[in-house]
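One-based numbering, in listed order, for ligands and for the atoms of each. Residue indices begin at 1 and follow the sequence shown.
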Amino acid sequence: MVKRVAAIYDIHGNYLALNAVLKEMQRCNVDTIVIGGDLAWGPQPALVMKRIMALEGDVHFIKGNADREVGERYGVEQGLDESIAEINQWCADQLTESQLKFLNNLQKDVTLNIDGLGEVLFVHGSPRNDEEAIRKNTLEMEIKPMITSVKQDIIVCGHTHIHFDRTVHEKRIINAGSVGLQTAARGACWALLGPDVELRETEYNYQLAAEQIRQSGVPMASSFAEHVLNPPTVGP
Ligand SMILES: [Mn+2]
């Protein structure tokens, strides 16, 4: 049984946002961390991977679609847009062999027994697919087939970058939001679980993050920088 879990999802290579969340998390008596996928895809992949692979204590990782794409160097051959393929290749080029191997070896989900909540299933997209989106307004009839095989009463997901906490067909579904590619929020979003569920938003130095992103060399650097300065209202 664990007591306080930080669900840190969709970091997307935003180093300062990650650090701000890790710092705030320490003040919340967290004993367990779940890093919920889409770790490196973004402007600062190497810094983010180094930081999270060095985390000590009870840390669990799950694989996001972008981790699969970076780790396996997905390109236009896999049907991706040229710009996405270019970012995948660039991110993979920034990482060491052991960091790439780490991404490729991530598991698809994690289950934790959390004090006050019980068994909680952590996935990236939906319980059946790392690219399937569950949004605040996704129709219940669309969600039903995604969750029918889930035994746990609570599911934590991410991927769509917007926080929510809703109940569908007697399952409580929590989206942890995005740490690094915020949508409809200004700060780095994450969730704190046990014994309640808190959707949190952590301020960080957006100006400095944008400056570092512009210097990072990532393809479409100015779009990434603009994203952290003026987060869009509609997610992926
Ligand atoms: Mn994703």
Side-chain angles (χ1 to χ4, degrees), residues 6-15 17-18 21 33-45 48-49 52 60-75 78-81 83-92 94-95 99-100 102-110 121-138 142-143 146-147 150 155-166 173-185 188-191 199 201 213 218-220 223-224 227-228 231-236:
I8 299 181
Y9 274 63
D10 294 272
I11 301 164
H12 279 296
N14 185 336
Y15 185 63
L18 168 65
V21 171
I33 302 173
V34 176
I35 308 269
D38 286 9
L39 319 175
W41 190 97
Q44 297 169 297
V48 164
M49 289 305 291
I52 58 176
H60 305 259
F61 293 87
I62 56 180
K63 191 190 278 188
N65 57 306
D67 304 315
R68 182 163 46 75
E69 294 189 5
V70 171
E72 296 175 29
R73 293 179 176 273
Y74 274 35
Q78 279 82 14
L80 296 177
D81 287 352
S83 58
I84 300 291
E86 200 190 336
I87 295 168
N88 287 345
Q89 301 299 332
W90 182 84
C91 291
Q94 309 307 304
L95 301 181
Q99 288 168 334
L100 288 169
F102 184 87
L103 288 179
N104 288 330
N105 288 337
L106 294 176
Q107 58 196 84
K108 101 181 223 307
D109 54 44
V110 168
L121 174 70
F122 295 83
V123 299
H124 179 72
S126 84
R128 62 179 189 181
N129 187 310
D130 65 13
E131 284 184 305
E132 203 160 55
I134 304 179
R135 298 187 169 85
K136 193 155 59 179
N137 59 356
T138 303
E142 286 175 28
I143 296 176
M146 303 178 190
I147 61 174
V150 175
I155 300 163
V156 177
C157 63
H159 183 59
T160 52
H161 300 186
I162 301 181
H163 264 158
F164 66 75
D165 182 356
R166 62 184 285 204
I173 305 177
I174 296 146
N175 190 305
S178 174
V179 169
L181 274 183
Q182 303 82 5
T183 305
C189 294
W190 57 291
L199 301 180
E201 185 177 341
I213 289 166
V218 68
M220 301 170 65
S223 311
F224 278 108
H227 190 116
V228 304
T233 52
V234 180

*What is the NE2(His124)-the Mn ion (ligand 1)-OD2(Asp38) angle, to the nearest 10 degrees?*
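Rounding to the nearest 10 degrees gives 100°.
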
*At their closest point, which heavy atom of Ala40 faces which heavy atom of Leu103, and how far apart are they?*
CB-CD1, 4.4 Å

_Testing the basics here: between Pro45 and Cys91, what is the closest heavy-atom pair and its distance to 0.1 Å?_
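Closest approach of Pro45 to Cys91: CG-CA, 4.1 Å.
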
*Nearest to the Mn ion (ligand 1), which N, O or S atom of His159 do we find?*
ND1

*Step by step, would you call Asn175 with Tyr9 a side chain to side chain contact (heavy atoms under 4.5 Å, CB included)?*
CA-CA 9 Å; Asn175 190 305; Tyr9 274 63; over 6 Å; no

*Do His124 and Asp130 get their side chains close enough for a donor-acceptor pair, meaning under 3.5 Å?*
no

*Between the Mn ion (ligand 1) and Asn65, is there an N, O or S atom separated by less than 2.8 Å?*
yes

